[in-house]
Amino acid sequence: IFTYDNINIYDPSIPNISNYKNIHNPSLTMAGDKLFVNIRSSNYHVEVKNNDLHYTVYDNDKTVNISHEYPVSTLNFLCTLGSNLDITNHTLLTVDDNILKFKWTVKGIEDIRIVWYNDNIYFVGNTHEATINRSPRMVLGKVGNDSTEKLTLLHGYEDTKCQKNWSPFVYCDKLLLLYSFDPLVILEPDLATGKCSVFKSQTQTKNYSRFSGGSQGFYINNDLYFIIHVIVYENGRYYFHRFVKMNSNLDIEKVSVPFYFEDWGIEYVAGATYDKSKDTILISWGKKDKSAYITEMPYNKLNELFVPYS
């Protein structure tokens, strides 16, 4: 378990639009000298039963079953954080109805990861509304003028599969997407069309097959890190996390011990970054799909977490 302080992200100035009552699964990144976080706001009510999540949606002060009339819906707010990790500004990220055009019982873009590239914030997230079969697909967004400037459907690799948890990162002046760890597959998207080509693909000599994307890739002193998650199903659903360090050839170099933040249960990391001014690692994560936190960890404690992995 992490013993560092967990800061609850909450700001009453973020509007409670209709039935959007939950704030969760935040993704933060350092953009130049500013710190940004995307906060997912959703309209569903969550009950935890046997450490699994059960959902209904809000209709004003009551809850109703999910349906076409009452879909699960997500809004995303891009927020600027101050030196005390308080929200100083926020804007609603708009969606493009020409991309999200197949309406379903799940609306919006879920579990966004943000990344700073070429002096702009980009994001990736999954949606059920981009294809006629409503299977989750990934979209790429560029933020401009305080909202979504461009939204593009990512395609060209395993398009018929359910797609989630791609991790964006910057490498050699390219915006890349970590698709899977085992086999290791890294994609390069065409930022204009969304078509993805394979940048790197290789089999692994160790078993990373249960690793799923968590944070975006982030750098500390030119070293590239990710935080991933693994799910254990044993009388419920349990998450734990690991740091993964990659070398300059994008091979996995080190893997940390598994850890969790507060409860051995449902936690979800969607962002991390290094704050050079404080020499700390900031990790943004959600708990049980209904709360959002940032954990601040001293960088000098990171190497203590890495152990031989087999």
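Of the listed residues (Ile39, Leu78, Asn25, Asn76), just one forms a side chain to side chain contact (heavy atoms under 4.5 Å, CB included) with Ile112, and that residue is Asn76. When His24, Lys107, Lys290 are each tested for a side chain to side chain donor-acceptor pair (under 3.5 Å) with Ser42, only one passes: His24.
For the atom pair OG of Ser167 and CD1 of Ile186, the computed distance is 10.5 Å after rounding to the nearest 0.5 Å. Atom CG in Leu35 sits 8.0 Å away from atom OG1 in Thr29 (nearest 0.5 Å). To the nearest 0.5 angstrom, Asn133 atom CG is 9.5 Å from Trp104 atom CH2. Here Asp86 contributes atom CG and Cys79 contributes atom SG; the two are 11.0 Å apart, rounded to the nearest 0.5 Å. To the nearest 0.5 Å, atom CG of residue Leu176 and atom OH of residue Tyr171 are 8.5 Å apart. Expressed to the nearest 0.5 Å, how far CG of Leu140 lies from CG of Leu177 amounts to 7.0 Å.
Using a 3.5 Å distance cut-off with no hydrogens or angles, the side chains of Arg210 and Tyr208 do not pair a donor with an acceptor. Of the N and O atoms on the side chains of Asn165 and Tyr268, at least one donor lies less than 3.5 Å from an acceptor on the other residue. Side chains of Tyr55 and Asp289: a donor on one and an acceptor on the other come within 3.5 Å. Between the side chains of Tyr274 and Asp279, a donor-acceptor pair is found at a separation under 3.5 Å. Between the side chains of Tyr58 and His45, at least one donor N or O lies within less than 3.5 Å of an accepting N or O. In the model, Asp275 has a side-chain atom that pairs as donor or acceptor with a side-chain atom of Ser277 under 3.5 Å. Side-chain contact, Asn38 with Arg113: no donor N or O sits under 3.5 Å from an acceptor N or O.
For Glu253 and Lys245, the salt-bridge test passes: some basic side-chain N is under 4.0 Å from an acidic carboxylate O. Between Asp96 and Lys101 no salt bridge is recorded (no basic side-chain N to carboxylate O distance below 4.0 Å). With salt bridges taken as basic N to acidic carboxylate O contacts below 4.0 Å, none links Lys254 and Asp223. Salt bridge present: Glu110 and Arg40 bring a charged side-chain N and a carboxylate O closer than 4.0 Å.
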**Request:** Just do the side-chain hydrogen bond (donor to acceptor under 3.5 Å, both in side chains) check on Thr94 and Ser147 with the steps written out, would you?
**Result:** CA-CA 6 Å; Thr94 56; Ser147 192; 3.2 Å; yes
**Request:** Report the C-alpha distance between Phe211 and Val230 in whole Å, list the side-chain angles of each, state the deciding distance to 0.1 Å, and finish with yes or no for side chain to side chain contact (heavy atoms under 4.5 Å, CB included).
**Result:** CA-CA 5 Å; Phe211 286 21; Val230 174; 3.9 Å; yes
**Request:** May I have the step-by-step check of side chain to side chain contact (heavy atoms under 4.5 Å, CB included) for Trp285 and Ile227, ending in yes or no?
**Result:** CA-CA 11 Å; Trp285 56 282; Ile227 300 176; over 6 Å; no
**Request:** Apply salt bridge (charged side-chain N to carboxylate O under 4.0 Å, His left out) to Asp111 and Lys164, showing your working.
**Result:** CA-CA 9 Å; Asp111 299 334; Lys164 289 185 175 185; 5.9 Å; no
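Of the possible polar contacts, one joining the Tyr117 side chain to the Asp173 backbone as a donor-acceptor pair under 3.5 Å is found. For Tyr219 (side chain) and Val170 (main-chain N/O), a donor-acceptor pair under 3.5 Å exists by modelled atom type. A donor-acceptor contact shorter than 3.5 Å is absent between the side chain of Thr105 and the backbone of Ser67. At least one donor-acceptor pair under 3.5 Å links the side chain of Gln204 to the backbone N or O of Phe181. Judged by distance alone, the side chain of Asp190 and the main-chain N or O of Ala192 form a donor-acceptor pair under 3.5 Å. Panel note: side chain Asp59, backbone Val64; no donor-acceptor pair is recorded below 3.5 Å. Side chain of Thr273 to main chain of Leu282: no donor-acceptor pair is present (N/O by atom type, distance under 3.5 Å, no hydrogens or angles). With hydrogens and angles disregarded, no donor-acceptor distance shorter than 3.5 Å links the side chain of Thr63 to the backbone of Val57. Remark: the backbone N or O of Asp159 is not paired with any side-chain donor or acceptor of Gln163 at under 3.5 angstrom.
Taking every heavy atom of both residues into account, Met297 and Lys301 meet most closely at CE-C, 3.8 Å. The two atoms that bring Pro26 and Gly286 nearest to each other are CD-N, 3.8 Å, heavy atoms only. The shortest heavy-atom contact between Trp116 and Ala31 is CE3-CB, 3.2 Å. Annotation for Arg137 and Lys161: closest pair CD-O, 4.4 Å, computed over non-hydrogen atoms. What you find for Val106 and Glu129 is that their closest heavy atoms are O-CG, 3.6 Å. Between Val95 and Ile109 the shortest heavy-atom distance is CG1-CD1, 4.0 Å.
Put simply, the side chain of Leu224 reaches to within 4.5 Å of the side chain of Phe169, judged on heavy atoms. At a threshold of 4.5 Å between non-hydrogen side-chain atoms, the residues Ser197 and Phe199 do not count as touching. By the 4.5 Å heavy-atom criterion applied to side chains, Val143 and Phe123 are counted as neighbours. In this structure, Phe306 and Val255 have side chains that are not in contact, with every pair of non-hydrogen atoms separated by 4.5 Å or more. Between Thr56 and Ile66 the shortest side-chain heavy-atom distance does not fall below 4.5 Å. Put simply, the side chain of Gln216 does not reach to within 4.5 Å of the side chain of Ile114, judged on heavy atoms. In this structure, the side chains of Leu187 and Val185 come closer than 4.5 Å at one or more pairs of heavy atoms. Taking the side chain as every heavy atom from C-beta outward, Ser201 and Tyr157 never approach each other to under 4.5 Å.
Note: Phe261 and Phe259 have perpendicular aromatic rings, judged against thresholds of 30 and 60 degrees for the angle between ring planes.
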